[in-house]
Amino acid sequence: MANKVEGFNFEQRHGKARVRVARVWRNKSDNIHSMVEWNVSISLLSDCVNSYIRDDNSDIVATDTMKNTVYVKAKECSEQLSAENFAILLARHFTSFYKQVTTAIVKIVEKPWERVLVNGQPHDHGFKLGSEKHTAEVTVQKSGVLKLTSGIEGLSVLKTTKSGFEGFIRDQYTALPETRERMLATEVTALWRYSYESVSSIPRNPLYFTERYLDVKKSLANTFFGPPKEGVYSASVQGTLFQMAKAVLNRFPDISSIQLKMPNIHFLPVNISSKENTIVKFNDDVFLPTDEPHGSIEASLSRFWSKM
Ligand SMILES: O=c1[nH]c(=O)c2[nH]c(=O)[nH]c2[nH]1
């Protein structure tokens, strides 16, 4: 929210961050439970400049009220829905309920609770924590104009072969040997934008974006790994990142752009020798796993004419 104030440009927003909520749905007919755990952050662009400059709070939606609204709306959701749909529902509430609010930005990080298998059978009410997280962020304007992005955080993947790095610049600072055989490991952060531009145009199925998330994740992982037996050769993290981004845009017509961050997490060859003899000679078998330093490789790919 931008204003001219006392001869300055002034921009402000306020909200509540990290509101944690879990919602359980109990299916009456078969007694199978579903659940989600969400961490919700809300930010409102609203006309409340007087609170900043005149000690007049009469236009403020209290952030405590925003927090309560998360629980009220979670209670009202009698059917399971995606994090995206819950974010849109909240954002629409704030922009339609309060005349002062022109735009609402809602971000949700979903904790990866997954139904457990016991003796190979899906448990009716048992869940365990997975690893990577589903994120959703929506910006909704009073008019209904919408910007929707979803993402994955912390998708750790590794392959023990079918990766190399050759032909890079060599100069007096270069020590890295060229190789066609190395480990490749990364922790993928992905962020993609959907092409829906108004709240009225999003798909009706309340779990549509949950299914899309799972399909995008599968598409990213399958492209990273290649087929189960032969795999696929990676000439660089850069090349693999591009293939992964392209697979998503080629497969999902309602995704208009995708950003990928893929740190190159190094597994260093172990060679140990004393003055007299070799103690451990590296033969693509023993590695030193590292966290830092790591390569940092990121890129975004979008369709022509799309917004990021
Ligand atoms: O896939 C890679 N990309 C790089 O840019 C790079 N740089 C480096 O030292 N190793 C690698 N590997």
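For ligands, and for the atoms within them, numbers begin at 1 and follow the listed sequence.
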| query | Have S150 and E84 got a donor and an acceptor in their side chains that come within less than 3.5 Å? | reply | yes

| remark: protein heavy-atom neighbour closest to atom 8 (C) of ligand 1 works out as F165 CE2, 3.6 Å

| Would you say V237 has any N or O atom under 3.5 Å from an N or O of ligand 1, going by distance alone? | yes

| atom 12 (N) of ligand 1 [closest protein heavy-atom partner, distance rounded to 0.1 Å] | R182 NH1, 3.1 Å

| query | Strictly by modelled atom types, are W113 and E37 linked by a side-chain donor-acceptor pair under 3.5 Å? | reply | yes

| query | Are any of the N or O atoms of N264 closer than 3.5 Å to those of ligand 1? | reply | yes

| request: Give yes if a backbone or side-chain nitrogen or oxygen of Q238 is under 3.5 Å from a nitrogen or oxygen of ligand 1, and no if not. | output: yes

| Contact atoms of ligand 1, heavy-atom distance to S236 under 4.0 Å | 1 (O)

| Ring centres of F282 and F287 under 6.0 Å apart? | yes

| field | Salt bridge flag under 4.0 Å for residues K133 and E153 | value | no

| Going by the order shown, which atoms of ligand 1 are within less than 4.0 Å of some heavy atom of L176? | 8 (C), 9 (O), 10 (N)

| request: For N205 and L207, indicate whether the former's side chain and the latter's backbone hold a donor-acceptor pair under 3.5 Å. | output: yes

| field | Centroid-centroid distance, F165 to F168, less than 6.0 Å | value | yes

| query | Closer than 4.0 angstrom: is that true for some heavy atom of E166 and an atom of ligand 1? | reply | no

